[in-house]
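Quick notes on the structure that follows.
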Amino acid sequence: MKVGVADTTFSRVNMGRYAIEELKTHASVAIERVTVPGIKDLPVACKKLIEEKRCDIVMALGMPGGKDKDRMCAHEASQGLILAQLMTNTHIVEVFVHEDEAGNDAELAWLAEQRTREHARNAVKMVLHPNVLEREAGTGQRQGFADAGPARP
Amino acid sequence: MKVGVADTTFSRVNMGRYAIEELKTHASVAIERVTVPGIKDLPVACKKLIEEKRCDIVMALGMPGGKDKDRMCAHEASQGLILAQLMTNTHIVEVFVHEDEAGNDAELAWLAEQRTREHARNAVKMVLHPNVLEREAGTGQRQGFADAGPARP
Amino acid sequence: MKVGVADTTFSRVNMGRYAIEELKTHASVAIERVTVPGIKDLPVACKKLIEEKRCDIVMALGMPGGKDKDRMCAHEASQGLILAQLMTNTHIVEVFVHEDEAGNDAELAWLAEQRTREHARNAVKMVLHPNVLEREAGTGQRQGFADAGPARP
Amino acid sequence: MKVGVADTTFSRVNMGRYAIEELKTHASVAIERVTVPGIKDLPVACKKLIEEKRCDIVMALGMPGGKDKDRMCAHEASQGLILAQLMTNTHIVEVFVHEDEAGNDAELAWLAEQRTREHARNAVKMVLHPNVLEREAGTGQRQGFADAGPARP
Amino acid sequence: MKVGVADTTFSRVNMGRYAIEELKTHASVAIERVTVPGIKDLPVACKKLIEEKRCDIVMALGMPGGKDKDRMCAHEASQGLILAQLMTNTHIVEVFVHEDEAGNDAELAWLAEQRTREHARNAVKMVLHPNVLEREAGTGQRQGFADAGPARP
């Protein structure tokens, strides 16, 4: 299993490092990492990891700023990531942490690490253990903050 | 007839289970199910069900949260689902239940089950009984809450 | 000349019936009709009418609801219809009547019928009489409500 | 050099006529014109001018209305025009005049004519005189209203 | 290494000139430059630089105006640039300076030059020194204004 990890210099947390650490804890994986300036550079970076480096799945890690323009960038990047997946029939796990989700730098760093690690585990499940995900269907999972849980307890 | 069912661990209701139950009640169908973390993972999951598992139609089941960011995710997922359909010439029935459509958890669970079941019947009609849908043209059908009915009664 | 007509069960007016009636009045046409649940199902339905049923042009008929979520659905469907046209080099005439364009059910029914009929005539012109459209260039045509007319009378 | 000119019957000014007049003044060009009902019909109309009529460049002329729904239509049409260009590796010069850019009908007519003529000259430059455009880089050119000029005079 | 530089006559700063200057300072590069009227012309211009001029990477330089309509243009252009990258598996470095990011013309000129130069260095790193970018992962880099820095100092 080969996992691509794409992250950015714009992010204020080294999300790529946490992703790689967590991936290696949960599976015997080869890693291809690439760092680009910002989240809008991620779609093609991920597509290249899939097509040129033969990754089975890719994690796209980014930290959009808190302004309106940043939200639009995140939207554009997300659309591009979905398109890249459709063009390659390969999953790209988007892990975006919006700067305004956290109240301060410490919480931001915690949230970025936590969400990255949880999604790294999701990436492993998607490729190696799809039946585990099916057992979690409809259980209100969240990555980073607490799970919402099922509506019917 | 082979039907793909894609749902999420983010959803707070096991929509995939209801879809499969209802599909089996109305037709002799083979089912391919896959569960992904969130709605933005659905487009490529559905495309893979069509192209790699040879499904004739797919149901994409998701439950977007009630915040602005969640609405944007739903929009991005919807665009991706439409694109996946155009790339495969195959229908994907989108069944999204927005968390803020319901007043409480019980209503949310009811709505998610009801809408999923009604759309499962639509999926069967689209593949096996298109003439039934044509007879319902312009009658103001809704899935979940009450039908709107025709403007000219 | 073969015209595809795609409409929905969500619509509160049987727009497909008016389209077919009007098309037959103005040209000797073969019709392929398909009815889908909602407007987001229209893009692939129209593409299939073009590619699988060999239609020369398609009418996509829908009636989005009046809420914000409905407006977003209409936007997503429109983008999909434009993409379907670009993938097939074939025109799809979008006829959307937003529920909040009319003050009551009677006006809604009138508007849906009127706009559908006018666009059916446009569809015929686009395929058979492009020179008629060229003569109407810049004249402020509207479908349903009154024409705006040219800015320089 | 062959130039495509696509305009609409929705527009309140015959923008196609001004485009053709201006193009003929500045270059020895063959013209292919097509008129469609509205701006959302322009993307595929332009793509067909490129692929079926072998145009070297196309002008897409439209006049979106002043309401929110019209702005959304313009957005959808613009995305389609960009996609049509990427699918054909051919420039399409979008000339949109929003009805609410002008205070009255006379100004609207003036603006539509002026912007169309200036963009017709741009189209000629893009194909025949790219070095002229390079000399104008960063000079704050506008089409219709007065130029903004360079930030460093 | 061959770098494409696409800029606009709409911009109020000659961003292309700064890009070329900076690129030549940091690497032995061949340059292909093209100037188009506005930012919506950039996606296909960049795609042509990649496919017809064989550029290894492209810089897309633009200066959107400060009004709502301009923001929408920037959004449309950005989506097109992401799509162009996905269609070519080649990076396009988007350098957009929004007119309303600066308080006056002098600051606007400074910001446009600064951001262009910093992104030119990024373009060189992306092609020739990807390991340098990886070392900067998660350090909160910004182009133009001051860096945000890492959340955990």
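Every chain is numbered from 1 and lettered A, B, ... according to where its sequence line falls, protein lines coming before strand lines.
With a 4.5 angstrom heavy-atom cutoff, D7(E) touches chain D only via side-chain atoms. Contacts between A102(E) and chain D at a heavy-atom distance below 4.5 Å are absent for every atom of the residue. Contacts between E107(E) and chain D at a heavy-atom distance below 4.5 Å are absent for every atom of the residue. For chain D, the nearby parts of E76(E) are the backbone and the side chain; heavy atoms of each come within less than 4.5 Å.
Between I39(D) atom CD1 and T8(D) atom OG1 the span is 8.0 Å, to the nearest 0.5 Å. For the atom pair CG of L23(E) and OG of S28(E), the computed distance is 11.5 Å after rounding to the nearest 0.5 Å. Rounded to the nearest 0.5 angstrom, Q114(D) CD and E22(D) CD are separated by 8.5 Å.
At distances below 3.5 Å, not a single donor-acceptor pair connects side-chain atoms of K53(E) with backbone N or O atoms of K2(E).
Residues of residues 120-152 of chain D that come closer than 4.5 Å to chain E, counting heavy atoms only, are N122(D), M126(D), L133(D), E134(D), E136(D), A137(D), G138(D), T139(D), G140(D), Q141(D), R142(D), A148(D), G149(D), P150(D), A151(D), R152(D), ordered by residue number. For residues 61-73 of chain D, a heavy-atom distance under 4.5 Å to chain E picks out no residue at all. Within residues 9-18 of chain D, no residue has any heavy atom closer than 4.5 Å to a heavy atom of chain E. Interface with chain E: from residues 80-96 of chain D, residues I82(D), L83(D), Q85(D), L86(D), M87(D), N89(D), T90(D), H91(D), I92(D), E94(D) qualify, criterion being any non-hydrogen pair under 4.5 Å.
Chosen from A112(E), A106(E), A109(E), the residue pairing most often with chain D at heavy-atom distances under 4.5 Å is A109(E). Highest contact tally toward chain D, considering only R33(E), H75(E), Q79(E), E51(E), is held by R33(E) [criterion: heavy-atom pairs under 4.5 Å].
For R117(D) and E21(D), the salt-bridge test passes: some basic side-chain N is under 4.0 Å from an acidic carboxylate O.
Between M1(E) and I57(E), the shortest heavy-atom distance links the atoms CE-CG2, 4.2 Å.
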Given the rule in the side-chain contact (heavy atoms from CB on, under 4.5 Å) test, do I50(E) and V58(E) qualify, once you have shown the distances and angles that lead to the verdict?
CA-CA 7 Å; I50(E) 293 166; V58(E) 176; 3.6 Å; yes

Under the side-chain contact (heavy atoms from CB on, under 4.5 Å) rule, what do V3(D) and L49(D) come out as? Steps first, then yes or no, please.
CA-CA 9 Å; V3(D) 182; L49(D) 286 171; over 6 Å; no

When you look at R115(D) and E101(D), which way does the side-chain contact (heavy atoms from CB on, under 4.5 Å) test go after all the steps?
CA-CA 12 Å; R115(D) 187 170 292 164; E101(D) 286 187 83; 2.9 Å; yes

